[in-house]
S.K.: 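The structure's right below; bear with me while I get my questions together.
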Protein chains: 2
Amino acid sequence: MTETASRPTLEAVAARAGVSRATASRVVNGGDGVREPLVERVRQAVEELGYVPNQAARSLVTRRHDAIAVVIAEPETRVFADPFFGLQLRGISKELTAHDSQLVLLLTEGRDDHSRVGRYLAGGHVDGALVFSLHLDDPLPDLVRRAGVPTVFGGRPGWGDGNRDAVYVDSDNRGGARAAVRHLVALGRTRIAHITGPLDQTSAADRLDGFRDVMPATDPRLIAESDFTPAGGEHAMRELLERCPDLDAVFAANDLTASGALRVLRERGRRVPEDVAVVGFDDMLPVAEQTEPPLTTVRQDIEEMGRLMARLLLSDLDPSARRGPAGAPSGLVLPTTLVRRASA
Amino acid sequence: MTETASRPTLEAVAARAGVSRATASRVVNGGDGVREPLVERVRQAVEELGYVPNQAARSLVTRRHDAIAVVIAEPETRVFADPFFGLQLRGISKELTAHDSQLVLLLTEGRDDHSRVGRYLAGGHVDGALVFSLHLDDPLPDLVRRAGVPTVFGGRPGWGDGNRDAVYVDSDNRGGARAAVRHLVALGRTRIAHITGPLDQTSAADRLDGFRDVMPATDPRLIAESDFTPAGGEHAMRELLERCPDLDAVFAANDLTASGALRVLRERGRRVPEDVAVVGFDDMLPVAEQTEPPLTTVRQDIEEMGRLMARLLLSDLDPSARRGPAGAPSGLVLPTTLVRRASA
DNA sequence: GCACCGGATGAGAGCGCTCTCCGAACCCGT
DNA sequence: ACGGGTTCGGAGAGCGCTCTCATCCGGTGC
C-alpha cells in the first residue's frame, strides 16, 4: 500500500488468481465461458489488488473508447446564459454513465475553431459524437459528416447539403408554438403578434411556422424578427406597439424575449394579461418564474432530450442492436407542453 | 481515399517520408534533434496521409492522457439552472484547448454516485481533475485526495480533514459581500438585513462573514438563513419584514434570492430602492437585468475562474514548471466588483 | 475401451506508439 | 589526415490489453 508503484495490471491479477492473463481478461469483461470457481477467484484478485483496466491499452486493441464527444458550437457567450445546455448535458451524462461511457466536452471557441473539432473527431478518439449545431449555415454538420463519426444532432440541423439523413433529436418547436398560439386564441385574442428568434436557427424558424399554422392569414406587421435576447425583445415589442397599437397578445419565441417584451408593455402602461396576453417559450425557470407577472410559456423536456440523444447514439454504436440502414428513424421529436402562469 | 481502411499509422508516415518510425515520432512530437530537411519530409508525409496520432497507443507508453476531468457534484438539478458552471466550463475549455488537452465531464448523479467518480479518477484515465464541491460535508474532496490525482478545486472546499492544503480557486465572496454592504452603508442605510445562502456552502458562509465584517454589531434578527432560491428569498424576506419592519436595505446572498425578496417587497408596497435598497450577488445576467428594478449586485468573473483553475492544474502537471512543494499557493481568490443598477 | 467432440483454458501475437540505447556520420582541432 | 567529441537517425523493446488458436480436459456413442 505504501508503494508508489504503478497500478496493478491484468498480469498481476492473473498471477494472483492462478490463471492465465486470457482468463483474467475474460472475467473482467463479463466472464462468459469461464467456470464459476475461476470467475470467483479472479474477481477476488481484482478486488484485493484494486485492479482497474487500463483504458488506453484496451482501446489500442479494441478500437473502442467508451467515450463520446459532446460538441457545443456557439460563438456567443450566450450559450450558457441559459440552462439549456446544462440540462442536456445532465441528461446525456446520465445515459452515458449507465453505459460506462465517458463524456468528452468540446466547446468551439469562435468561428475558426471548427477545424480543431473536426480533427479531433476524425482522429478517432471517441466512438461517436453528439453535436449541437443551431445555425442553418453552421459548417459543423458537414465537418462531422466528413469525419465519419457516428453522430446524433441536438436540434434539427439545417437542411444543408447532406443533412437530410442526419439523425437528430429535437423538441416539437412547431407544435409547441401552435399550442401557445391556440391558447391565446382560446383566450379570445384576435390581434396576436409574434416576436421571432433569429430565423437562421431551426428552432426559431419552426416556432414561426407553428405560429403561422394557427394564424395563416396574419397581418405581416404583427410579426417582428428578433434575436432571443431581452434587449431584442424590448426592441421588437416597441416596434410592434408602434405598428399595431391594437394588438392584444404576443407570442414570444423564447422566455428571454418575452421578459423584454413584458418590460416594454409595463412601461407603456399595458396591463398583462388584461390588455395584452403574453406567452413565451422554453420555460427557462429562473426567468419565467421571475417575470412580472410570471410567464405562461411552453416547456420542453430538455434533460430528456439529452438522454434520448445519448441513447440513440449508443444504440447506433452497439453492433448487437444495429438498426437496418434503411428505415432508420432519422429525426426524433419530443413533445412540448404549455405551462400556464399569469401572463396569459 | 475510397478505402475504408484504418487510419494511417506512424509506420506509414515513416515509410512515406523514408525515415524510421523513431524519427517520424520525433517530428510529430516537436521535431527536436531532427534536421530540417527530414522534418520537412515527415511533415509533408503527415499532411498527405492525414495522419493523426493514436492517442491510446501514445497514452499506453507515456502514461499521459492529455485529458483532465471536470467533476461537478451537485445533487440538485439546480446546478444548471444558473449559468455558473457553464461559464466555468467555457473558461476551462479555453485553457485546455490551448494546451491540447481534452475535457472529460463527470457529473455525479445523486449521492451514491461518488464512488463511480472516485474509481474513474483512481483509474488513471486522466492527468488531473478540476472539482467543484460546494458543500462542507461533501465526501468528494476526500475521495479525490485518496485517488491521488492532481486536483484543483473550484470554490474553497470545506476545511474537513485534509483539505487544508487543497489547491483551489475561489472568488472573493467575503470581499464582495463587504463591498455590497459598504455600498448600502454609503447610501445612508442603517437597518441592513442579510438573506444568507445555505450555510453549509463555503460561498454562502463567506458572504455572511463579509456582511459581518462591515456590520459587526448587527441585530441578529436582521439575518435570515435561506437557500439561494427565489422561493427561499421570498420566504426569508417575509420573515425579515415581520421581524424588522423598519429595515431599509437587504443584502441577498445571490441574485435569485434577491429576485424573490424583490417580489415580496413590491407585494408589500415597499419601494425599491427608495424604501428598501437591495443588493444581490453573482450578477447572473438573465436574472439581475430582468428584475424590477434591475438589480445592483456583485459580479464575479466566473469564466476567468475556470480558466485559472485549468491553468493552475496544467502548470501543476507540467514537470518543467513544477512549483516547489513548499510555499505553493494553495488558494487563489479572484476579485469581485460591485455592479450598480437601480435597486441600490 | 476407443475414437471423437465440445467447451474451458493457456500461449502468444500483435494494437500503434515512445524512448532507450547504439552505431554512423560529421564536426572540430591539430 | 586522423582521433575525439557531438549529433542524428535507426533498431527494437516494451506499454497493458484483447483475441485467435491450439491445447487439453472430461464425457459420450459405438
Side-chain angles (χ1 to χ4, degrees), chain A residues 5-43 45-46 49-67 100 120 122-127 319-320, chain B residues 5-43 45-46 49-67 100 120 122-127 319-320:
Chain A
S6 55
R7 301 180 302 118
T9 69
L10 231 209
E11 188 76 54
V13 172
R16 182 170 195 111
V19 299
S20 73
R21 211 171 53 241
T23 299
S25 173
R26 280 190 270 263
V27 172
V28 167
N29 292 289
D32 298 341
V34 178
R35 252 172 312 212
E36 194 44 44
L38 279 201
V39 171
E40 203 36 59
R41 255 164 53 208
V42 174
R43 289 251 160 82
V46 165
L49 262 39
Y51 170 75
V52 182
N54 180 322
Q55 182 62 37
R58 180 179 274 175
S59 293
L60 186 55
V61 29
T62 60
R63 274 115 200 294
R64 280 185 311 100
H65 300 86
D66 294 323
D100 281 318
Y120 182 77
H125 301 298
V126 291
D127 301 327
S320 71
Chain B
S6 56
R7 302 181 300 117
T9 69
L10 231 208
E11 188 75 53
V13 171
R16 182 171 196 111
V19 299
S20 75
R21 213 171 55 240
T23 299
S25 173
R26 280 192 268 264
V27 172
V28 168
N29 292 291
D32 298 340
V34 178
R35 251 171 314 207
E36 193 45 43
L38 278 200
V39 171
E40 202 38 57
R41 258 167 48 212
V42 174
R43 289 250 160 83
V46 166
L49 262 40
Y51 170 75
V52 181
N54 180 322
Q55 182 61 38
R58 180 179 275 174
S59 293
L60 186 54
V61 28
T62 59
R63 275 114 200 296
R64 281 184 312 102
H65 300 85
D66 294 324
D100 280 317
Y120 182 76
H125 301 298
V126 291
D127 302 326
S320 71

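Computed from a predicted model, the values in this text were never measured in an experiment. Chain identifiers are assigned alphabetically (A, B, ...) following the order of the sequence lines, protein sequences preceding nucleic acid strands; residue numbering begins at 1 within each chain.
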S.K.: Can you list the residues that meet the side-chain hydrogen bond (donor to acceptor under 3.5 Å, both in side chains) rule with E11(A), with sequence neighbours excluded?
M.R.: R21(A)
S.K.: Scan residues 51-58 of chain B against DNA chain C and write down, sorted by residue number, each residue with any heavy atom closer than 4.0 Å; if none is found, say none.
M.R.: Y51(B), P53(B), N54(B), A57(B), R58(B)
S.K.: Return whichever of T62(B) or L60(A) has its heavy-atom-nearest nucleotide of DNA chain C closer to the 5' end.
M.R.: L60(A)
S.K.: Not counting sequence neighbours, which residues clear ring pair (Phe, Tyr, Trp, His ring centres under 6.0 Å) with H65(A)? List them please.
M.R.: none
S.K.: Working to the nearest 0.5 angstrom, can you tell me the gap between H125(A) NE2 and D66(B) CG?
M.R.: 9.5 Å
S.K.: Indicate the atoms forming the closest heavy-atom contact of L10(A) with S25(A), along with that distance.
M.R.: CD1-CB, 3.5 Å
S.K.: Not counting sequence neighbours, which residues clear ring pair (Phe, Tyr, Trp, His ring centres under 6.0 Å) with Y51(B)? List them please.
M.R.: none
S.K.: To the nearest 0.5 angstrom, please state how far the CD atom of E36(B) sits from the CZ atom of R43(B).
M.R.: 7.5 Å
S.K.: Expressed as a whole number of angstroms, how long is the span from D66(A):CG to dC17(D):C1'?
M.R.: 13 Å
S.K.: Tell me the bend of the helix from dG1(C)-dC30(D) to dT30(C)-dA1(D) as the angle between end helix axes, each from five pairs, rounded to the nearest 10 degrees.
M.R.: 40°
S.K.: Any side-chain heavy atom of N54(B) within less than 4.5 Å of one from R58(B)?
M.R.: no
S.K.: Find the distance N29(B):CG to dG16(C):P and express it as a whole number of Å.
M.R.: 17 Å
S.K.: Report the distance from atom CG of L60(A) to atom CD of Q55(B), rounding to the nearest 0.5 Å.
M.R.: 11.5 Å
S.K.: Report yes if some heavy atom in the side chain of V27(A) is under 4.5 Å from a heavy atom in the side chain of L38(A); otherwise report no.
M.R.: no
S.K.: Please list, pair by pair, any protein nitrogen or oxygen found under 3.5 Å from a nitrogen or oxygen in nucleotides 9-11 of chain C.
M.R.:
unit_1  : atom_1 : unit_2 : atom_2 : d
dT9(C)  : OP2    : R35(A) : N      : 2.9
dG10(C) : OP2    : S20(A) : N      : 2.9
dG10(C) : OP2    : S20(A) : OG     : 3.2
dG10(C) : OP2    : T23(A) : OG1    : 2.8
dG10(C) : N7     : R26(A) : NH2    : 3.0

S.K.: Do V52(B) and Y120(A) make a side-chain contact, defined as non-hydrogen atoms from C-beta onward lying under 4.5 Å apart?
M.R.: no
S.K.: Find the distance H125(A):NE2 to dG16(C):P and express it as a whole number of Å.
M.R.: 14 Å
S.K.: Could you grab the distance from atom CZ of R26(A) to atom CG of D32(A), nearest 0.5 Å is fine?
M.R.: 10.5 Å
S.K.: Using atom CZ of R7(B) as one end and atom C1' of dC17(C) as the other, report the distance to the nearest whole Å.
M.R.: 12 Å
S.K.: Between dC17(C) atom P and R64(B) atom CZ, what is the distance in whole Å?
M.R.: 15 Å
S.K.: Can you tell me if R63(B) touches the phosphate of dG16(D), counting only side-chain N or O atoms and a distance under 4.0 Å to OP1 or OP2?
M.R.: yes
